[in-house]
Structure formats: C-alpha cells, structure tokens
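Here's the structure, in structure tokens; my notes come after.
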Amino acid sequence: MTSMATSNFLVFFTLVLLCMIGSSQNKCDFEAIFNFGDSNSDTGGFWAAFPSQSGPFGVTYFKKPVGRATDGRLIVDFLAQALGLPFLSPYLQSIGSDYRHGANYATLASTVLLPNTSLFVTGISPFSLAIQLNQMKQFKTKVNEVHEQGSKLPSPDIFGKSLYTFYIGQNDFTCNLASIGIGGVQQYLPQVVSQIAATIKELYNLGGRTFLVLNLAPVGCYPSFLVQLPHNSSDIDEFGCLISYNNAVREYNNMLKQSLRQIRESLSGASVIYVDTFTVLLELFQHPTSHGLKYGTKACCGYGGGDYNFDPKVYCGNSKVIKGRKVTATACNDPYNYVSWDGVHATEAANKLTTFAILNGSYSDPPFPFQDHCDLQPIH
C-alpha cells in the first residue's frame, strides 16, 4: 500500500469505531451467525472434542484458556459483538452451549478438503468443511424437530436471517508446503475453491442468503513459516515476508474471488461477499506502527527470541528439554503490540483491527458496509 492508502486504512478504522460507539439501539438484519472454519475462527470446538488447552492462551480478554488459538478474541467474536450477538457456542461443546443466535462449526486444524490422514499422525482435524456442513444440516433438522419456546435453540425461521461466515483453507494451503512445495499445493487448490462454492450452494438450499467468505492470510509473513519453510534471502521482501509464498496465496485468493462472483450470479437473492483479509493483515505485518502496533513478523508467545521468536520444537505454552536444559515458550507481556500471537495465529489486537476493516465493507467484493444492515454495537 502507498502511504496515502495506509492513512486511509487507519481512517476507516477510526470512522467505523466512532460510528459504532454512537449506536444506541440494536437493530440488525442478522439474528444469528453460523461459522465454518479452522483455528482462525474456532471458539472452542477442537478443545471440546480433545480437552487439553493450557495457558497462556486466552490471557488478554478471558483471563484463561477458552479454546481459542490466540490471546483473546477472534474476528468472529468481534463480529458477534458488533452485531449485538453473544459469542458463538461451538457445535461440539456439550456443556453450557446456547445456540439461539447461531453455532460455530470451526475446529482447529480443519481443512476444506477431506483429510487423507489422521489427527494423531499429522495433526489435521477430522472435522473438514464437509463434516461441518453435515453438522449444520443436523442442527437444522433438530431445530425443526424439537424447537420449543424457552429452549436454547433458535426458531426454525432463523436460517434466512443469519450471517454465514467462512474462514477456512489455510491448512489446505500450508500443511503440505514443506513436503511438496508451492507447485504441488497449487495442483489441488482449485478443488478447495470448488468445495467452498459447493458448500455455499448447499447452505443456500437450507435457507441461507448472506455469506461472508474471508480469503487466505499472507502466510509468507507468519513467523512459523519464515522459520520452517525453505527459502533464500532473495525471497524475502523489504518487510521481511516471503515473496513466493505470498504470491501463491494471492493466486489462490484471486481464484476464490472469481468463483464467488460466479456463485453470486447463480443464486437468486443471495449476498455472497468476498473479504480481502489478506490485504488487511499484510498491511498490519508491513506497517505495524502505523496502526498502533510494534511488531510484525515476530511472535508474542514463543521461544528463541530474535527476529521471529519462534521455535517449532517448543510451541507457545509448551516446555521441552533442549541440550539438557528445560525451556518454555512463554508469552510476552504486551500482546497488544504484536500482529502474531504464537507464530501461526493473529493476536486479539490484529483481529480487532481486521474486524473494523471488515465492518467498514471497503475490503469486500462487492462492498458490504455492515452499518447499512445493523446498528453496530461498540467493540471494546
């Protein structure tokens, strides 16, 4: 971005924030959110299925681990707050869940395509997008069967009054990069796009009408990939990001954007919105100080210090004996100054700034300013 664009970027955030603070009533076209995704939007589904998350996750906002892969809130959390809705309960969470305003099917390590391996072999979640869609279908069936006044399920007419959000595909892109390279991964990315498109069409048939699809983030700026992916110095741009990997993400995102345009034309009365999360996060990684942050390509929670503070042998919150000495990957005491929380995921601070950009609508195709659909509520 040019310096002028950078200034506009910050102005957008400020204007949206002022608009939100000025809202007094909560009128919104969307009475619920149904989310599909991976760890970037998982509000506790994975850890409900496989309980074991420990600190320092959740330290900023919740003051304890709550199943989110960050220090605080996610984009989907901020969206819910802005729309005047409660945080989304994970579909897999059996205790304390309330689904009157939607459900979250996302789980950490999920892929769009069906995995051909086991969680216990490669760490990929069994809850791929097709499984999440089946869970949504089951949810709708149960709502139609058992809904009663006072239950913790929504009314059967909720599905046409909901926002359907997607933040998934990053694991499809990254999980095989080290083994088969960019060229190998690009061979199956058209299938990823096709699966997302097919899922939107099925949700449309279930009654969904508004779909918000976040594209892939600039993984070439993530500390974990800067440390682990093969590259040479000529592949590093002036901001410290990997050029070839980010270019490959751009190609995928363009493919996704074109596919969503085609879907939009084929689904009568539907809003299918492509959200350019890539550009928002790239701006934060490249110019963190312009947006109130300090560190771009350095992880808050990690081990090793240096430019990246990331060691794949000792992930955030874990301890390990290295060269006869026990070391622990600890969190910084100022995550609000970082874009990257643990080398893989964004901080709450970065998620909040990204949400402001999404709400403004300027990073969407077609433009989708949320203030035209809701009296936005304050985000603190």
Side-chain angles (χ1 to χ4, degrees), residues 38-40 42 44 46-60 62-72 107-109 115 117-126 170-171 173-181 217 219-236 239-242 245 285 288 293-350:
D38 52 30
S39 56
N40 291 309
D42 180 1
F46 184 88
W47 298 111
F50 307 101
S52 67
Q53 192 187 37
S54 59
F57 290 89
V59 65
T60 295
F62 300 97
K63 309 303 181 186
K64 62 181 181 180
V66 288
R68 290 159 172 79
T70 184
D71 59 306
T107 66
L108 180 148
T117 182
S118 164
L119 169 72
F120 304 104
V121 176
T122 58
I124 294 297
S125 169
Q170 186 168 312
N171 294 312
F173 188 92
T174 61
C175 65
N176 294 316
L177 268 179
S179 58
I180 64 176
V219 299
C221 299
Y222 283 32
S224 62
F225 301 121
L226 283 161
V227 169
Q228 296 181 87
L229 292 178
H231 63 276
N232 54 48
S233 58
S234 64
D235 197 26
I236 299 287
F239 304 104
C241 298
L242 294 165
Y245 294 100
F285 275 116
L293 309 173
K294 290 183 179 179
Y295 307 103
T297 56
K298 182 177 183 178
C300 163
C301 185
Y303 171 74
D307 291 338
Y308 306 126
N309 191 36
F310 182 88
D311 188 324
K313 297 187 294 294
V314 196
Y315 182 59
C316 175
N318 293 344
S319 298
K320 190 169 184 178
V321 176
I322 297 180
K323 296 180 180 179
R325 185 170 67 92
K326 183 179 180 181
V327 299
T328 301
T330 56
C332 63
N333 57 13
D334 58 341
Y336 50 83
N337 282 323
Y338 289 73
V339 179
S340 176
W341 162 242
D342 55 3
V344 183
H345 305 98
T347 57
E348 174 178 287

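Heads up: numbering here begins at 1 and tracks the sequence.
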Please name the pair of heavy atoms, one in [X] and one in [Y], separated by the smallest distance, quoted to 0.1 Å.
X      : Y      : result
Val314 : Ile322 : CG2-CD1, 3.5 Å
Ile236 : Gly240 : CG2-CA, 3.6 Å
Trp47  : Ser52  : CZ3-OG, 2.8 Å
Val339 : Gly296 : CB-O, 3.9 Å
Gly220 : Tyr245 : CA-CB, 4.3 Å
Pro312 : Gln228 : CB-OE1, 3.5 Å

Quick one: list whatever passes side chain to side chain donor-acceptor pair (under 3.5 Å) with [X], sequence neighbours left out.
X      : result
Asp38  : Asn40
Asn333 : none
Thr60  : Asp71

State, yes or no, whether a side-chain contact exists between Ser125 and Pro115 at a heavy-atom distance under 4.5 Å.
no
Using side-chain heavy atoms (C-beta onward) and a distance below 4.5 Å, is Trp341 in contact with Pro56?
yes
Tell me, please, which residues at least two apart from [X] pass ring pair (Phe, Tyr, Trp, His ring centres under 6.0 Å).
X      : value
Phe46  : Phe50
Phe310 : none
Tyr315 : none
Phe225 : none

Would you mind listing every salt bridge (Lys or Arg N to Asp or Glu O under 4.0 Å) that reaches into residues 295-323, with sequence neighbours excluded?
Asp311-Lys313
Tell me, which pairs form a salt bridge (Lys or Arg N to Asp or Glu O under 4.0 Å) where one or both residues lie in residues 220-233, sequence neighbours left out?
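Residue pairs with at least one partner in residues 220-233: there are none.
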Look up atom OH in Tyr222 and atom NE2 in His345, then write down how far apart they are to the nearest 0.5 Å.
8.5 Å
d(Ile180 CD1, Cys175 SG) to nearest 0.5 Å is 8.0 Å
Please check this pair: side chain of [X] against backbone of [Y], looking for a donor-acceptor N/O pair closer than 3.5 Å.
X      : Y      : value
Thr347 : Tyr336 : no
Asp42  : Leu108 : yes
Asn309 : Ala299 : yes

Could you work out, with side-chain contact (heavy atoms from CB on, under 4.5 Å) as the rule, every residue matching Thr297, not counting sequence neighbours?
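In terms of side-chain contact (heavy atoms from CB on, under 4.5 Å), with neighbours along the sequence ignored, Thr297 is linked to Cys221, Leu226, Cys241, Phe285, Tyr308.
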Just jot down the side-chain contact (heavy atoms from CB on, under 4.5 Å) partners of Thr117, sequence neighbours excluded, or say none.
Val121, Thr122, Ile124
By disulfide (SG to SG under 2.5 Å), which residues pair with Cys332, not counting sequence neighbours?
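For Cys332, the residues satisfying disulfide (SG to SG under 2.5 Å) (neighbours in sequence not counted) are Cys300.
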